[in-house]
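Note: hydrogens, waters and symmetry copies are ignored here, and every other heavy atom, side chains too, is used.
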Amino acid sequence: VQLQAYGGGLVQAGGSLRLSCAASGLTLSRYGVGWFRQAPGKEREFVAVMRWSWSDVVSTTYADSVKGRFTISKDNAKNTVYLQMNSLAPGDTAIYYCAAAAARLGPARTGESEYDYAYWGQGTQVTVSS
């Protein structure tokens, strides 16, 4: 199983970026995919998660700090999950990681903890200048 996160870069405050998380050896639309980020000197933090239920109903959750600015979406045909980031601010500067779960996410394991995931991508740097 391999996850590849890409699409990061340098952007001015107020700008947008779209990150992609592509998978091989794993169907992303089976359990759940999360995005996390780690800023210099800080712990890795939850950003967003997309979950698939037993009946394939999709649910999403966002960290309060990105709610209304970031959107997680999927393209099943490409086995890729995206993170659209709008209205970026310097505080969003971090390495962004995508992660895939190996079991169903739900009330007991929501996907907001890094321990909910079995597979991780290598990270992509996002730098927002003021």
Side-chain angles (χ1 to χ4, degrees):
V1 174
Q2 285 191 324
L3 294 181
Q4 183 181 10
Y6 59 95
L10 174 64
V11 64
Q12 289 188 330
S16 299
L17 282 174
R18 188 178 78 161
L19 305 184
S20 300
C21 179
S24 59
L26 175 73
T27 300
L28 290 180
S29 59
R30 184 172 184 184
Y31 298 128
V33 175
W35 286 96
F36 290 76
R37 67 186 182 185
Q38 187 167 20
K42 295 186 178 180
E43 293 186 351
R44 189 156 54 184
E45 65 175 2
F46 166 74
V47 175
V49 59
M50 176 174 279
R51 312 174 194 85
W52 284 263
S53 72
W54 289 104
S55 57
D56 287 336
V57 173
V58 175
S59 65
T60 58
T61 301
Y62 297 90
D64 288 342
S65 59
V66 307
K67 203 171 293 183
R69 301 188 298 124
F70 291 11
T71 304
I72 189 170
S73 62
K74 62 183 176 64
D75 185 329
N76 289 345
K78 295 182 178 180
N79 202 25
T80 299
V81 171
Y82 304 99
L83 184 69
Q84 177 67 43
M85 306 186 296
N86 299 327
S87 302
L88 284 162
D92 296 315
T93 295
I95 300 174
Y96 284 70
Y97 300 88
C98 65
R104 194 76 59 184
L105 300 178
R109 189 171 58 237
T110 64
E112 296 172 54
S113 167
E114 58 185 280
Y115 298 105
D116 295 337
Y117 299 93
Y119 309 107
W120 290 83
Q122 82 286 3
T124 184
Q125 176 71 48
V126 172
T127 303
V128 184
S129 63
S130 57

> Which atoms form the tightest heavy-atom contact between L26 and A100, and what is the distance?
Replying inline: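 Looking at all heavy atoms of both residues, the closest pair is CD2-CB, 3.4 Å.
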>> Let's go through V47 and F70 carefully: what are the C-alpha distance in whole Å and the side-chain angles of both, what is the deciding distance for side chain to side chain contact (heavy atoms under 4.5 Å, CB included) to 0.1 Å, and is it a yes or a no?
In response: CA-CA 9 Å; V47 175; F70 291 11; 3.7 Å; yes
Please list, chain by chain and in numerical order, all residues satisfying side chain to side chain contact (heavy atoms under 4.5 Å, CB included) with [X], sequence neighbours excluded.
X    : result
A13  : P90, V128
A118 : A102
K67  : Y62, D64

Residue pair [X] / [Y], side-chain heavy-atom distance below 4.5 Å:
X    : Y    : answer
L105 : Y117 : yes
L19  : W35  : yes
L3   : V33  : no
Y82  : D75  : yes
Y115 : R109 : no

Single-linkage hydrophobic cluster, 4.5 Å side-chain cutoff, [X] and [Y] together:
X    : Y   : result
Y119 : L28 : yes
Y31  : V49 : no
V1   : M50 : yes
L83  : V58 : yes

> Checking side chain to side chain contact (heavy atoms under 4.5 Å, CB included) for the pair L88/L17: CA distance, chi angles, key distance, verdict?
Replying inline: CA-CA 8 Å; L88 284 162; L17 282 174; 4.2 Å; yes
> Centre of W120's six-membered ring, under 6.0 Å away, within 45 degrees of the axis: is that where NZ or CZ of R44 sits?
Replying inline: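 Ring-cation test returns yes.
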>> Test: side-chain hydrogen bond (donor to acceptor under 3.5 Å, both in side chains). Region: residues 8-21. Which pairs qualify, not counting sequence neighbours?
In response: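 Checked against side-chain hydrogen bond (donor to acceptor under 3.5 Å, both in side chains) - neighbours excluded - the pairs reaching residues 8-21 are S16-N86.
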> How would you list all residue pairs meeting side-chain hydrogen bond (donor to acceptor under 3.5 Å, both in side chains) that involve residues 87-108, not counting sequence neighbours?
Replying inline: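 Listed once each, the pairs are R37-D92, R37-Y96, R69-D92.
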>> W52 vs K74, test: side chain to side chain contact (heavy atoms under 4.5 Å, CB included). Steps then yes/no.
In response: CA-CA 11 Å; W52 284 263; K74 62 183 176 64; 3.1 Å; yes
>> Counting only heavy atoms from other residues, nucleotides and ligands, does the tally under 6.0 Å from CD of Q122 exceed 12?
In response: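 For Q122, atom CD is crowded (more than 12 foreign heavy atoms under 6.0 Å).
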> Who pairs with F46 by ring pair (Phe, Tyr, Trp, His ring centres under 6.0 Å), at least two apart in sequence or on another chain?
Replying inline: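 Partners of F46 under the ring pair (Phe, Tyr, Trp, His ring centres under 6.0 Å) test: F36.
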>> With side chain to side chain donor-acceptor pair (under 3.5 Å) as the test, pick out the partner of R51 among T110, T61, D116.
In response: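 It is T61; the other options fail the test.
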> Do the side chain of Q4 and the main chain of C21 share a donor and acceptor less than 3.5 angstrom apart?
Replying inline: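 Checked: no pair found.
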